[in-house]
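Only one structure is covered here, and it is reproduced in the block below.
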Amino acid sequence: MARFSVNLENFFQSDQFGLKSQLSMLSTELSKPYEPATVEPLVYKTWLDEQKFVANPNSPGDPYSIVIPPPNVTGALHLGHAINNTLQDILIRRARMMGKNTLWIPGIDHAGIATQAVVEKQLKEKENKTRHDVGREGLVERIWQWKQQFGDRILMQLQRLGCSCDWSRTHFTLDDQCARAVRETFFKLFRDGLIYRGKRLVNWDIALQTSISDDEIYHETVKTNLWHIKYPIVGRAPSPGIPACGEPGRTGGGGGEGNSRDSTSPGSSGIPGLVESRLPVVNERAQFMTVATTRPETLLGDTAVAVHSEDPRWNWAIGMHVELPLTGRKIPIIADDILVDPKFGSGVVKVTPAHDPNDYAVYQRHLTKPDEIALINILNPDGTLNENAGEKYKGLKRDKARAQIVEDLEAQGLLAKTEPYETQVGHSDRSKTPVEPYLSDQWFVKMAPLAEPALQVVRDGTIKFFPERHAQQYLSWLGEKRDWPISRQLWWGHRIPVWSKRLKMDEGLTGSFELAGLYEAGVDHILDAQQPDSAIVIDAGGTLIGTAKDWRERLKGYRDEIAIYICTTNSLTIADIENYAGFVQDPDVLDTWFSSALWPHSTLGWPDDTADLRKWYPTNVLLTGRDIVTLWVARMVMTGMYNMGNSRDSTSPGIPELVESRLSEDRAKSLGIPFHHVCINPTILDGHGERMSKSKGNGVDPVDIIETHGADALRFTLATMATETQDVRMPVKKMPDGRNTSDKFDFGRNFCNKLWNATRFVLTNLQQHPRLANSRDETSSRLNRDALHPGYCEHLENKYTLADQWIISQFNRSVAEIDTALANYRFDQYAKTVYDFFWRDFCDWYLEAAKLQLKNSATAATTAEVLASLLDGA
RNA sequence: GGGCGGUUAGCUCAGUUGGCUAGAGCGUCGCUUUUACACAGCGAAUGUCGGGGGUUCAAGUCCCUCACCGCCCACCA
């Protein structure tokens with residue numbers, strides 16, 4: 001119970017308000033109104049000077065730890081970060097007061113694409129240069145300068161907020177520690193066969209000849225045409241009157257056109273609206289399938305046409321072929337119920353897997369199935385058509401090719417119709433040219449083996465979400481287990497730790513000159529000398545993975561050109577394979593979330609087995625916004641369990657639910673989960689209801705608020721806003737000097753002022769009681785132990801007045817409420833309880849009573865004791 | 001198209017498993033500058049709890065339905 005009083009005492013002194021330090025420094029001259037601008041910096045400085053936040057793994061106390069969601073270095077923090085960090089600070093400070101061995105790790109995220117884009121934009125604006133003008137090293141150098149500037153600013157903002165982070169443990173997702181963790185993780189995944197290289201459609205900027213991310217695309221409405229093209233059907237019986245029954249995919253019905261009104265037949269029952277549209281197409285069916293497209297030139301890359309399996313207009317044709325106009329190629333008619341919406345258009349879709357994301361998905365869905373389709377890339381990196389497009393079109397730019405194709409189709413009478421059409425076309429933000437979906441090699445992480453345990457720990461409640469409903473998003477996203485593309489064609493980030501070299505194998509393994517050179521260069525030695533580590537991949541169309549041990553065996557089967565990939569964490573090896581053996585490192589960098597995913601264990605020292613890691617992993621709780629539950633939270637759970645989990649004695653379902661915290665702690669450790677709780681904090685919106693974000697530029701700098709209202713006012717107000725359901729709308733006023741503020745924070749400012757003055761009153765009265773003033777610490781600690789014990793009222797009632805007893809009981813009740821509120825991460829309830837107790841109970845009632853009691857010599861002393869212990873701040 | 005959240009006083013929002021006369025802050029109105037605080041104190045007014053239907057002795061709370069606002073994801077051949 002003593003801990004209760006310690007709690008609340010500490011809410012007042014340091015959690016929110018820092019009164020203890022403030023008053024000890026300023027007690028000689030307390031200004032009437034609270035002046036945060038003069039008080040707060042002094043207090044914070046004292047905390048730093050006294051190393052209050054520096055953690056020591058050897059200190060006593062149960063561990064309590066939080067890692068900060070590292071803010072992006074793209075710019076300054078806004079109020080969204082302010083609320084996130086305030087809530088963390090409340091938890092951390094409370095844990096610290098309760099005697100826990102507490103660690104809050106701060107840090108910053110390099111935020112690959114976003115930061116590079118910002119710096120490139122600046123480069124363009126200030127110097128009119130592109131990244132190619134300054135080169136890879138030059139650009140990275142400039143981004144580091146940016147990082148220095150904004151990284152410092154972010155840390156300064158956090159300090160102005162009063163965050164009690166252990167600044168000596170500050171990390172950056174691109175620092176050496178994180179880099180080691182990234183390389184180690186990549187290596188392990190690679191070795192375990194969970195990283196592979198594969199094709200993927202990326203957004204290709206044909207002007208800059210680089211891929212760009214979805215974030216860098218803007219959509220523009222373009223007026224174009226929808227061209228309806230006739231594809232001749234081949235390989236079917238010539239008679240148009242043939243009944244449809246008995247055809248593949250057909251399960252019933254009267255047959256042919258005759259059943260067009262039979263909307264209850266199994267074939268059409270699921271598709272309302274077909275009855276009307278069916279008739280006009282029927283005559284066509286004998287000879288052509290008509291497809292509509294906005295991009296006729298891509299037909300050269302078509303490898304199939306798709307229909308819905310339950311569309312009676314077309315499902316009889318599944319398995320047959322059409323002749324691809326202008327090429328003479330025969331391509332199959334396949335069924336794909338995901339791609340094709342039978343209610344849209346003609347119900348037939350051309351499939352161009354190399355140049356359309358949906359079509360590529362079709363390709364993947366049908367891969368290894370009987371109706372597997374081909375993949376034909378018809379574009380060069382510069383956007384011109386390549387040799388696969390055929391002699392006539394090779395070398396044409398895409399718009400020229402389009403015109404030519406339309407003309408040729410028309411000449412052959414295969415153009416059924418041309419109708420004007422408006423569509424959204426993605427454009428590159430940098431070159432302002434239309435983006436081309438383009439097939440390129442990327443690295444992937446296989447999700448299924450990683451996702452399964454991560455799903456399990458949330459399903460079984462090992463990791464809990466607050467509010468609970470956010471677990472759904474996590475579960476449904478992870479449940480898809482879509483492989484994670486991790487390579488980015490960027491310069492800012494962790495470079496992919498893979499080195500490759502192409503080798504000609506036409507003379508066999510030992511006969512190859514180059515391979516002989518490889519031996520001479522010592523690569524075989526390098527590979528063989530690796531522990532069980534270093535992995536190689538042999539890419540010969542498919543992907544094989546082998547470790548160093550058996551690489552020689554693996555190579556024996558190959559005669560043609562192959563590529564050898566080496567992944568290693570050994571820096572000596574890296575130097576060798578680069579300088580000596582002529583291997584080249586992959587130019588791409590890793591997705592920024594790859595390093596973020598490791599954050600909870602990399603910041604604690606992993607891959608080394610550090611004292612920090614043993615003491616504070618797993619962390620207690622993660623506080624973050626709901627927008628990155630999938631991108632970040634899910635991946636932290638996966639990589640945490642993968643790197644930190646002890647698979648030997650993990651999930652043993654046989655263990656009964658002994659709710660021993662010790663046991664569950666052991667279990668958490670052996671599972672490797674990065675945190676027990678995930679608390680989703682509200683999103684801060686601007687006055688128009690839009691999410692505050694750096695990129696939108698609608699963020700409000702918390703320092704602006706701190707300057708007008710004070711950090712404590714900001715923090716307290718934000719805590720009251722942290723309800724379970726609501727996002728927070730924050731209308732902002734522009735100050736004459738350009739700063740932003742909001743009178744929403746008057747609430748917190750008024751409360752801080754109230755606290756200040758109540759404290760001031762108590763202190764001035766305490767000074768009239770020298771005995772107390774001189775031995776306050778002793779007194780209050782005695783009171784904390786004894787007087788505030790709930791049972792105290794019964795046995796000490798003759799000593800204390802009714803008012804004394806009442807306020808003490810209210811105090812204890814409030815502390816209990818606060819415990820409950822914070823256990824459920826209900827920061828609004830916590831703040832309200834503090835507010836109600838302090839303002840309503842303590843100030844409005846008890847202080848008034850105390851005024852009388854202090855005048856009466858009989859009760860003055862004990863009253864002062866109670867005042868002192870309740871406030872204790874002094 | 002799929003998922004989620006919201007709609008309670010003029011404004012911003014609480015209201016936990018249904019249960020006293022539906023609350024807080026701000027704002028408004030009146031009074032008070034009383035020796036902690038005017039960034040204050042005392043007092044007052046203000047709600048068909050988005051609409052409709054249902055379950056119940058009892059609904060802001062549970063069920064159905066409609067409307068509007070917002071967010072996330074997918075997608076528009």
Side-chain angles (χ1 to χ4, degrees), chain A residues 30-36 219 226-229 290-296 298-299 302 305-307 336 338-352 356-359 361-362 421-424 467 469-470 472-473 475-477 480 625-631 680 682-683 685 687-691 709-710 713 717 720-731 742-765 817 820-821 824 826 828-829 831-832 835-836 839-840 842-844 847-848 850-851 854-855 867 871:
Chain A
L30 292 180
S31 61
K32 234 181 178 184
Y34 178 52
E35 290 169 357
H219 289 272
L226 198 57
W227 286 276
H228 298 254
I229 304 168
T290 303
V291 303
T293 181
T294 55
R295 304 204 50 196
T298 63
L299 78 77
D302 285 2
V305 292
V307 300
D336 195 292
I338 297 176
L339 178 74
V340 182
D341 174 1
K343 281 179 280 186
F344 187 93
S346 63
V348 183
V349 183
K350 70 197 265 303
V351 182
T352 321
D356 182 280
N358 291 314
D359 295 356
V362 172
Y421 194 73
E422 277 191 4
T423 186
Q424 300 272 314
R469 70 185 124 87
H470 291 292
Q472 282 177 12
Q473 197 188 345
L475 290 172
S476 65
W477 185 82
E480 290 186 29
R626 76 171 105 74
D627 49 327
I628 50 177
V629 164
T630 53
L631 293 173
I680 302 299
T683 305
L685 311 174
H688 308 289
E690 294 212 40
R691 207 170 86 82
H709 289 77
T717 307
T720 62
M721 293 173 170
T723 65
E724 269 198 332
T725 53
Q726 291 293 316
D727 288 341
V728 177
R729 195 179 277 237
M730 185 69 63
S742 166
D743 45 22
K744 280 201 165 197
F745 297 102
D746 292 355
F747 177 69
R749 184 198 56 193
N750 295 351
F751 183 56
C752 290
N753 187 59
K754 190 77 177 172
L755 264 172
W756 176 264
N757 281 294
T759 311
R760 206 158 59 87
F761 168 77
V762 172
L763 280 184
T764 47
N765 280 290
E817 279 176 24
T820 309
N824 294 299
R826 289 301 307 269
D828 59 321
Q829 291 178 352
K832 187 178 188 325
Y835 183 93
D836 285 345
W839 198 310
R840 301 273 87 96
F842 187 73
C843 293
D844 287 356
L847 239 43
E848 296 306 318
K851 286 175 186 173
L854 286 166
K855 284 179 186 157
L867 285 175
L871 254 187

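First the proteins, then the strands, lettered A, B, ... as listed; each starts at 1. It should be emphasised that the depicted structure is a prediction, and the values quoted were computed from it without experimental measurement.
Here, B:U12 and B:U17 have their P atoms 26 Å apart, quoted to the whole Å. Spacing of C1' atoms, B:G23 relative to B:G15, comes out at 7 Å, to the nearest Å. With P as the reference atom, B:G50 and B:G60 are 10 Å apart, rounded to whole Å. Separation of the C1' atoms belonging to B:G47 and B:C66 is 23 Å when rounded to the nearest angstrom. Comparing the same atom, C1', in B:A40 and in B:U35 gives a spacing of 14 Å after rounding to whole Å. Comparing the same atom, P, in B:G70 and in B:G30 gives a spacing of 39 Å after rounding to whole Å. When the C1' atom is used for both B:G5 and B:C13, the distance is 15 Å, rounded to whole Å. Annotation: B:G25 and B:A58 have their P atoms spaced 34 Å apart (nearest Å).
For the OP1/OP2 pair of B:G3 and a distance below 4.0 Å, the side-chain nitrogens and oxygens of A:S476 include no atom meeting the criterion.
Interatomic distance, A:K832 NZ to A:E817 CD, rounded to the nearest 0.5 Å: 9.0 Å. Between A:Q829 atom CD and A:T723 atom OG1 the span is 10.0 Å, to the nearest 0.5 Å. To the nearest 0.5 Å, atoms CD1 (A:I628) and CD (A:Q473) are separated by 10.5 Å.
Annotation for A:H709 and A:D746: closest pair NE2-OD1, 2.7 Å, computed over non-hydrogen atoms. The two residues A:K754 and A:W839 have their closest heavy-atom pair at CE-NE1, 3.5 Å.
Per the geometry, CD belonging to A:E817 stands 12 Å off C1' belonging to B:U16, to the nearest Å. Between A:Q472 atom CD and B:G3 atom P there is a gap of 10 Å when expressed in whole angstrom units. Between A:D627 atom CG and B:C72 atom C1' there is a gap of 9 Å when expressed in whole angstrom units. Atom CG of A:D359 is separated from atom C1' of B:C75 by 13 Å (rounded to the nearest Å). Between the C1' atom of B:C13 and the CE atom of A:M721 lies a distance of 9 Å, rounded to the nearest Å. The distance from atom CD1 of A:I680 to atom C1' of B:C71 is 14 Å, rounded to the nearest whole Å. Protein atom NZ of A:K744 is 14 Å distant from nucleotide atom P of B:G27, rounded to whole Å. Rounded to whole Å, the distance from CG on A:N824 to P on B:U17 is 12 Å.
Panel note: side chain A:N753, backbone A:R749; no donor-acceptor pair is recorded below 3.5 Å. Within the 3.5 Å criterion, the main-chain N or O of A:G748 finds a donor-acceptor partner in the side chain of A:T717.
With distances taken from any side-chain atom of A:R469 to the nucleotides B:C4, B:A40, B:C13, the minimum falls on B:C4. Side chain of A:N757, nearest nucleotide from B:C71, B:C37, B:C39: B:C37.
Residue A:T294 is classed as a sugar-phosphate contact, given heavy-atom separations below 4.0 Å to backbone atoms only. Residue contacts for A:Q829: at a heavy-atom cut-off of 4.0 Å it reaches no nucleic acid atom on any strand shown. If you check every strand for non-hydrogen atoms under 4.0 Å, A:R295 touches nothing.
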Mind listing the N/O atom pairs, protein and nucleotides 23-26 of chain B, below 3.5 Å?
{"unit_1": "B:G25", "atom_1": "OP1", "unit_2": "A:R840", "atom_2": "NH1", "d": "3.2"}

Just the atom pairs and distances: protein N or O near nucleotides 19-22 of chain B's N or O, under 3.5 Å.
none

Legend entry - Pair A:T298-A:K350, side chain to side chain contact (heavy atoms under 4.5 Å, CB included): steps then yes or no: CA-CA 9 Å; A:T298 63; A:K350 70 197 265 303; 2.7 Å; yes
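Partner of A:P296 under the side-chain contact (heavy atoms from CB on, under 4.5 Å) criterion, chosen from A:V291, A:I229, A:L226: A:I229. Of the residues A:Y835, A:F751, A:F747, the one that meets the side-chain contact (heavy atoms from CB on, under 4.5 Å) test with A:T720 is A:F747.
Stretches of at least 3 consecutive Watson-Crick or G-U wobble pairs, with each checked distance under 3.5 Å, appear in RNA chain B as B:1-7 with B:67-73, B:10-13 with B:23-26, B:28-32 with B:40-44, B:50-54 with B:62-66.
The closest side-chain heavy-atom distance from A:L339 to A:V351 is below 4.5 Å. Proximity of A:V348 to A:T290: side-chain heavy atoms (C-beta onward) are nowhere separated by under 4.5 Å.
If you check the side chains of A:D302 and A:T352, you find a donor sitting under 3.5 Å from an acceptor.
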